[in-house]
Number of protein chains: 4
Amino acid sequence: MPQQNRSRQNEKVRIAILDAAFSLVREVGYDKLTIEGIAKRAGAGKQTLYRWWSSKALILLEALVEHVKDELVFADTGNIRDDLLAQMLRVEKLLTSKDTGCLFIGLLVEAQFNQDVANAMNVQIYQPTYRAATERLAIAQRHGELQPGLDPVMMVELLYAPIYYRLIVPCTKLTAADIPKFLDMILAGIRL
Amino acid sequence: MPQQNRSRQNEKVRIAILDAAFSLVREVGYDKLTIEGIAKRAGAGKQTLYRWWSSKALILLEALVEHVKDELVFADTGNIRDDLLAQMLRVEKLLTSKDTGCLFIGLLVEAQFNQDVANAMNVQIYQPTYRAATERLAIAQRHGELQPGLDPVMMVELLYAPIYYRLIVPCTKLTAADIPKFLDMILAGIRL
Amino acid sequence: MPQQNRSRQNEKVRIAILDAAFSLVREVGYDKLTIEGIAKRAGAGKQTLYRWWSSKALILLEALVEHVKDELVFADTGNIRDDLLAQMLRVEKLLTSKDTGCLFIGLLVEAQFNQDVANAMNVQIYQPTYRAATERLAIAQRHGELQPGLDPVMMVELLYAPIYYRLIVPCTKLTAADIPKFLDMILAGIRL
Amino acid sequence: MPQQNRSRQNEKVRIAILDAAFSLVREVGYDKLTIEGIAKRAGAGKQTLYRWWSSKALILLEALVEHVKDELVFADTGNIRDDLLAQMLRVEKLLTSKDTGCLFIGLLVEAQFNQDVANAMNVQIYQPTYRAATERLAIAQRHGELQPGLDPVMMVELLYAPIYYRLIVPCTKLTAADIPKFLDMILAGIRL
DNA sequence: GTTTAAACGAGACGGTACGTCTCGTCTTCCC
DNA sequence: GGGAAGACGAGACGTACCGTCTCGTTTAAAC
C-alpha cells in the first residue's frame, strides 16, 4: 500500500480518485470499469493513478476498505449463536449491498488472477476478520458452547462458506432469510 | 447454445476450436486468453468463432462440459457419508486439476458479469448436479440417515460451500485432506 | 472474356447477374459494390460469379458493353466539326449519365491497378473507338479539313482529353456546354 | 488538414508516418496500401494515424504535397511556349515518376469516391496550380501571344488534359516526347 | 518572498485485442 | 451433377484501453 510514501501529496486528489472509482464501479460494473474512466471522473491524469496504484483493483480495494473497516469486529454477547448470526448477517449485507457488492465480487475475481490483489485482500480484509472470528470461537469452545476438538479456522470458513457460495455460484441468490437456516444446520449438523 | 443449429457445419472445426481453447487457457490463464489466440491456434478465422459463440466464456464452457459431463453422477452405495465424500472429492479434483481448475474459476468469474454465461452454466452444470445430489439426499432422508426436516437444496449448497469458499477466497487453499473434515463437521454439527 | 466458354450455361443467370450489377452500382456506388451484394440481388451463389468472372470490374464491364456497344460509331456527315462535336457529346453523355457515369469511372479506376481490366477495356471499348475515330479523322485530312501532318491517334486523344480531364480532376465539372468551346479551341488553336 | 492543431505533437512521428506511407505505396501500390501497413512500417500505433488523418488518402496527400510543393510554380521567361512546355514537362515528370506517379493516380481515384479527398486535393494542389497558370496565361494574352477572347481556366485545362488522358486511359502511355507535340497542336490548332 | 522540486492535468505515444466486414475458396445439400 | 446457400481461413477495418512518456502548471516546503 502506498499511503505511507505519499505524505506530501494532495490528499484531495486521493479522495477524488477513490470516490470516482467507488461511484463508477456501481454505475458501469467492475469489468467495464477502466483506469481512464476513473481518471476522467476524478479530473485526474492517468499518470497520477499509476503513480500510486498498480491496478484498478488496488484502487477499489482501498476505496472498499475505507467504507468497511468498521464492519470487521466480532462482538461478544456471551451467546455464540447470536454473535455468529450477527456477523454472518453483517457480511451478507456487505456482499449484497448496492454499494459494495459488485465491487467486492470484482475484487474476489481479480484476486483469482492477480497475486498482489490476493495478498492485499488477505492483509486488509481476511487476516483481521479471521483473527476476530477465531478468537470469538475459541472463547466459545472454552465456554463449552462448541465442540472443543475442531479447528477454529475451519469453523470460520465453514460459517462463511454458504454466504460466498450463494454469492459466487450463478443463478443462486444470497438472502438474509437463509442465513440463520445455514447457521443452524452447521451448529446442529444435518445427520439424524 | 448453438449446437443444434449447426448440423451442417464441419464438426472438425468445432472440435479444433474447443481443443485450442482448452489447451490455451491452461497455458496463458483465463484472463489472458483471447479470441484471436484461440482462432490462431485452431487455425480458424475469428469470424468462425463469433458465428457460433458470443463470448470466449461460452467456448470454454462448451469445452469444459465435454470434459466433465460424466462427473456429475451421484453414486448410491447405501452409505450417505461415503457417497457425499466421493462426490465432494470428485468436485474438488475437478476444481483444482491443472486442466479444468482455472478454466472453471474463469467461468465463475465471467458469470458474475455476464448473465448469458450464468444461465448457460446453470443449465449445463448446476441443474444436473443439483438434481443428482438432491435425489440422493432425499433417499438418505427417507432411509433415516439425514434429518428429515431439512431442505435438500440447502444441504447440497452447504456441502459444496466449503469447496467453493476455499477455491474463491484469496490465500486459502483447497486440499483433498480437508474435505472429509468439512464433511464431518457438517454431518455432526459444530455445537457441543 | 468468358462468354465463349459458357455456351451451355444458363443465359438467364448471366443476365440476372449483369442486371443486378448494373442496378446495384447505381445505388451504392462503385467502391461500395461487392460481389456478395451482386450475388444476393441476382439470387445467385457467389461461386457462380467467381466461376465466370475474375473480378467485379469485369462483370461491370460486360454489363456496360451491353449498354453502350452502339455508341461507339462515328458518323460521317461530311462536316468534320459536326461529326466531332456529335461524338464528343455522345461520350460526355455516356460519362455523366446516371446509369453509366459512375460505373465508367469505376472501371477506369480499377484499370489503374488491374491489368486484366485495363486490357479488357482496351479491347472492348478503346480499340473500336480509336479505330472509328482515326478513320474519320484520316478522311477529314484527305478532304483538306484537318492538317495533314498530324497523327490521327494523337488528334483523337486530344479531342477526348478535356472530357476525361473534367471527369477525373476533383472539383471540376463536365458539362455539355463546354464541349464545343473545347472543340473550337482545339480546332483553331489558342495562339494568336 | 490537421497540421495547425498539432504544434505540440512530435514532428518526428508525423515525418515517420509520411515517409512510411510514401515508400510503401511505391512498393505495394495504392490499393494494396493499408493503414496497418503504414503504422507498422512507421513504428507507430494505428491510433496515431487515425488521430491526425481521417483516411489513408489524406496521409498520402500530405506526403505528396511535401514532395511537390515546389513544383507548382510557373516561370515567366517571356516566351509562352517555353513556359508552358516547361510546366507540362514538370507535371508529366511528376505523374510518371516512380515515386509520385501511382501515388497521384491513387489520390485521383480516391477523390472520385471521397469528397473530403477531392476538396483537399483541390485546395492543396489544384487551386495553387490554376492560380499560377491562369496568371501566366493572362499575361501572355495581354502580350498578344495568345488569343485574347479565351478563358484562361479552360486553356489551362486544355493544356493539362492530354497529360491526364494518357495517365488515366488504359493502355495509353504518357511520355515526355509527346508533350511538345500536344502543346503545338493546342497552340496552332488541328484544322487546316 | 522567492526558489525549487514534486506532483499534477492533459493527452500523445506504441501496442494489443476487440468485434465487424468483405474477400475469394470450399463444402454441403437440393433440385 | 450443377447451382443456391453459406461456412470457412484470412486479414484489414476503426475503436477502446492499456501502461509509458513527455509536456507545461500548480503548489507547498525550504530557503
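Naming convention: chains lettered A, B, ... in sequence-line order (proteins, then strands); numbering from 1 in each chain. Values below: every heavy atom of this structure, side chains too, minus hydrogens, waters and symmetry copies.
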Student: For DNA chain E, find the residues of residues 37-47 of chain B with a heavy-atom distance under 4.0 Å and give them by number; none if there aren't any.
Tutor: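 Nucleic-acid contacts, sorted: B/Lys46, B/Gln47.
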Student: D/Lys56: which residues meet the salt bridge (charged side-chain N to carboxylate O under 4.0 Å, His left out) condition with it, sequence neighbours left out?
Tutor: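 Not a single residue meets the salt bridge (charged side-chain N to carboxylate O under 4.0 Å, His left out) criterion with D/Lys56.
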Student: Within the structure provided, determine whether A/Val109 and B/Ile168 are in side-chain contact (heavy-atom separation under 4.5 Å).
Tutor: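 No, their side chains stay 4.5 Å or more apart.
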Student: Would you say D/Trp52 reaches E/dG11's phosphate, i.e. side-chain N/O to OP1/OP2 under 4.0 Å?
Tutor: no
Student: Looking at B/Glu62 and B/Arg14, is any side-chain nitrogen of the basic one under 4.0 Å from a carboxylate oxygen of the acidic one?
Tutor: yes
Student: Over how many whole Å does the gap from B/Glu11 atom CD to E/dT28 atom C1' extend?
Tutor: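 Value for this atom pair: 15 Å.
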Student: Which whole-number value in Å describes the distance from C/Arg51 CZ to F/dA5 C1'?
Tutor: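 Nearest whole value for this atom pair: 13 Å.
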Student: Looking at D/Lys98, D/Arg41, D/Lys32, which hits salt bridge (Lys or Arg N to Asp or Glu O under 4.0 Å) with D/Glu27?
Tutor: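 Filter result, single survivor: D/Arg41.
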Student: In a check of side chain to side chain contact (heavy atoms under 4.5 Å, CB included) between D/Ile38 and each of D/Leu49, D/Asp19, D/Leu60, which one passes?
Tutor: D/Leu49
Student: Tell me which residues in residues 24-32 of chain D lie within less than 4.0 Å of DNA chain E, going by non-hydrogen atoms.
Tutor: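 The stretch gives none, as no residue of it lies under 4.0 Å from the strand.
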Student: On DNA chain E, does the nearest nucleotide to C/Leu33 precede the nearest nucleotide to B/Ile35 from the 5' side, or the other way round? Give the residue.
Tutor: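 By nearest-heavy-atom nucleotide position, the 5'-most residue is B/Ile35.
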Student: Under 3.5 Å, is there a donor-acceptor pair linking the side chains of A/Glu110 and A/Tyr30?
Tutor: yes
Student: Whole Å only: how far is the CD atom of C/Glu36 from the C1' atom of F/dA7?
Tutor: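 C/Glu36 atom CD is separated from F/dA7 atom C1' by 11 Å.
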Student: So do B/Gln124 and B/Leu61 actually touch side chain to side chain, heavy atoms under 4.5 Å?
Tutor: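 Yes, at least one pair of side-chain atoms sits under 4.5 Å.
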Student: Taking CG from A/Leu49 and P from E/dG11, how many angstroms apart are they, rounded to a whole number?
Tutor: 16 Å
Student: Side chains of D/Val117 and D/Ser55: closer than 4.5 Å at any heavy-atom pair?
Tutor: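 Yes. Closest side-chain heavy atoms under 4.5 Å.
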Student: Just how far, in rounded Å, is C1' of F/dA4 from CD1 of C/Ile17?
Tutor: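 To the nearest whole Å, that distance equals 11 Å.
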Student: Please give, in whole Å, the distance from F/dA12 P to D/Tyr50 OH?
Tutor: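 Taking atom P of F/dA12 as the reference, OH of D/Tyr50 is at 11 Å.
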Student: Given atom CG of B/Asn10 and atom C1' of E/dC29, what is their separation to the nearest angstrom?
Tutor: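 To the nearest whole Å, that distance equals 15 Å.
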Student: Do D/Leu18 and D/Trp53 have side chains that get closer than 4.5 Å, going by heavy atoms?
Tutor: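 When only atoms from C-beta onward are counted, D/Trp53 and D/Leu18 do touch, with a gap below 4.5 Å.
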Student: Starting at atom NZ of C/Lys56, determine the distance to atom C1' of E/dG24, rounded to an integer number of angstrom.
Tutor: 14 Å
Student: Establish, with yes or no, whether the OP1 or OP2 oxygen of F/dG9 is under 4.0 angstrom from a side-chain nitrogen or oxygen of B/Thr48.
Tutor: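 True: B/Thr48 side-chain N/O within range (under 4.0 Å) of F/dG9 OP1/OP2.
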Student: It should be established whether B/Trp53 places a side-chain nitrogen or oxygen under 4.0 Å from OP1 or OP2 of nucleotide E/dG19.
Tutor: no
